[in-house]
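Since the structure comes first, as structure tokens, the remarks are kept for the end.
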Amino acid sequence: MSKKEIKPSTMLNPVPVVMVSSGDMEKSNIFTAAWTGTICSEPPMVYVSIRKSRYSHEIISEKGTYVINMVGKDTVKACDFCGVKSGRDVDKFAHLGLTKEAGPKTGVPMIKECPVNLECKVTQVLELGSHDMFLAEVVGVYVDGKLMDDKNAIDLVKAHLVAYSHGEYFELGDYKGFFGYSIAGEDALKRRLRK
């Protein structure tokens, strides 16, 4: 075998990096998460896994709501700060100059500077060991109007989204194809690449 075995770990990389906001407009927090993702499309559901000792774990457990704020190149430094500083010690919204916008369905502050916000209501908490997984239904999605075209389609390439890979942040780039391009043919891919 040409591959070397290493000890079991959370090696799945790259992953999305997001800022998760919780609380209300008076008392809130933001933390950085790379352990998040989609779990169901009908109803739309996501999850975020949080260490039991974290301040946001306490807030989300109490309120049962959170917002996933997607990170673009303009918010990646704020994202990193939110991952290394505790909300018990610093008001991250104020320190970073981020703008709170109340989520219409939950009241949880969304981060205006982020290109996309997913407003979530917790449906179940799975205790897994070092982390608890907060499964949630997405009850609202809010997209920066600059990402919408004249047909109301979202162009996430314009968001300059960031991924996290083994301790480092990377802006997503180079378009490689679309779902189904492997069977759609070369002409379909060439047409899409010209856009």
Side-chain angles (χ1 to χ4, degrees), residues 6-72 75-76 78-96 98 100-111 114-142 161-170:
I6 61 173
K7 73 176 194 162
S9 67
T10 55
M11 184 52 70
L12 181 63
N13 281 285
V15 292
V17 63
V18 299
M19 290 187 280
V20 179
S21 51
S22 59
D24 54 41
M25 295 301 282
E26 297 299 314
K27 179 184 172 188
S28 59
N29 191 41
I30 308 167
F31 80 98
T32 300
W35 291 5
T36 185
T38 303
I39 53 174
C40 187
S41 55
E42 290 297 327
M45 294 185 71
V46 293
Y47 77 91
V48 63
S49 292
I50 311 170
R51 282 190 182 276
K52 293 172 174 62
S53 61
R54 301 291 190 231
Y55 184 49
S56 287
H57 186 288
E58 179 183 316
I59 296 171
I60 295 170
S61 293
E62 178 187 326
K63 301 279 188 182
T65 52
Y66 59 86
V67 173
I68 292 177
N69 302 277
M70 293 170 64
V71 173
T75 52
V76 70
C79 174
D80 184 67
F81 182 89
C82 290
V84 296
K85 292 291 185 179
S86 173
R88 288 187 178 99
D89 304 324
V90 62
D91 178 338
K92 297 176 192 179
F93 273 101
H95 180 83
L96 295 166
L98 295 172
K100 291 182 184 182
E101 291 186 323
K105 305 231 170 42
T106 64
V108 175
M110 303 186 301
I111 302 171
C114 289
V116 180
N117 316 91
L118 286 75
E119 202 173 6
C120 305
K121 287 187 178 178
V122 175
T123 60
Q124 185 179 1
V125 180
L126 299 176
E127 294 187 36
L128 301 173
S130 64
H131 289 66
D132 287 346
M133 179 185 284
F134 291 81
L135 303 150
E137 183 172 350
V138 177
V139 295
V141 177
Y142 311 93
L161 297 176
V162 174
Y164 182 80
S165 184
H166 206 61
E168 299 178 308
Y169 306 99
F170 295 90

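Not measured: the values here are computed from a predicted model. Numbers here simply count residues along the sequence, with the first being 1.
With respect to the salt-bridge test (charged N to carboxylate O, under 4.0 angstrom), the residues K27 and E62 do not qualify.
By the side-chain hydrogen bond (donor to acceptor under 3.5 Å, both in side chains) test, S56 is found to be paired with N29, residues two or more places apart in sequence or in another chain being considered. Take I6 and apply the side-chain contact (heavy atoms from CB on, under 4.5 Å) test, not counting sequence neighbours, and it matches M11. Taking T106 as the reference, E119 meet the side-chain hydrogen bond (donor to acceptor under 3.5 Å, both in side chains) condition, with sequence neighbours excluded. Residues forming a side-chain contact (heavy atoms from CB on, under 4.5 Å) with P115 (at least two apart in sequence, or on another chain): L147, A159, L161.
A distance-only check finds no donor-acceptor pair linking the side chain of K100 to the backbone of P109 [under 3.5 Å]. In terms of modelled atom types and a separation under 3.5 Å, the side chain of N117 and the main chain of I111 share a donor-acceptor contact. For K92 (side chain) and I30 (main-chain N/O), a donor-acceptor pair under 3.5 Å exists by modelled atom type. No donor-acceptor pair under 3.5 Å is formed between the side chain of S28 and the backbone N or O of G23.
Legend: side chain to side chain donor-acceptor pair (under 3.5 Å) pairs involving residues 78-87, not counting sequence neighbours, sorted by first then second residue: D80-Y169.
For the residue pair T32 and C82, the shortest heavy atom distance occurs at OG1-C, 3.4 Å. Considering every non-hydrogen atom in both F31 and I60, the closest pair reads CE2-CD1, 4.3 Å. Across V138 and C120, no two heavy atoms sit closer than the pair CG2-SG, 4.3 Å. Closest non-hydrogen pair, D24 versus E26, comes out as OD1-N, 2.9 Å. Scanning all heavy atoms of the two residues, the minimum distance from M110 to S21 falls at CA-OG, 4.2 Å.
Annotation: L126, atom CG; neighbour count of heavy atoms from other residues, nucleotides and ligands within 6.0 Å is above 12.
The closest side-chain heavy-atom distance from F134 to H57 is below 4.5 Å. Contact of the C79 side chain with the V162 side chain is not registered, since no non-hydrogen atoms from C-beta on lie closer than 4.5 Å. Looking at heavy atoms from C-beta onward, V20 lies out of side-chain contact with T36 at the 4.5 angstrom threshold. For the pair T75 and M19, the minimum side-chain heavy-atom distance is below 4.5 Å. Residues K63 and V122 fail the side-chain proximity criterion, which asks for heavy atoms closer than 4.5 Å.
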Between side-chain atoms of residues 38-54 and protein atoms elsewhere (two or more places apart, or another chain), which donor-acceptor pairs fall under 3.5 Å?
residue	atom	partner	partner atom	Å
K52	NZ	G129	O	2.9
K52	NZ	D132	OD1	2.7

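Aromatic ring orientation, F81 versus H95: parallel (interplanar angle below 30°, classes split at 30° and 60°).
To the nearest 0.5 Å, atom CG of residue N69 and atom OH of residue Y142 are 12.0 Å apart.
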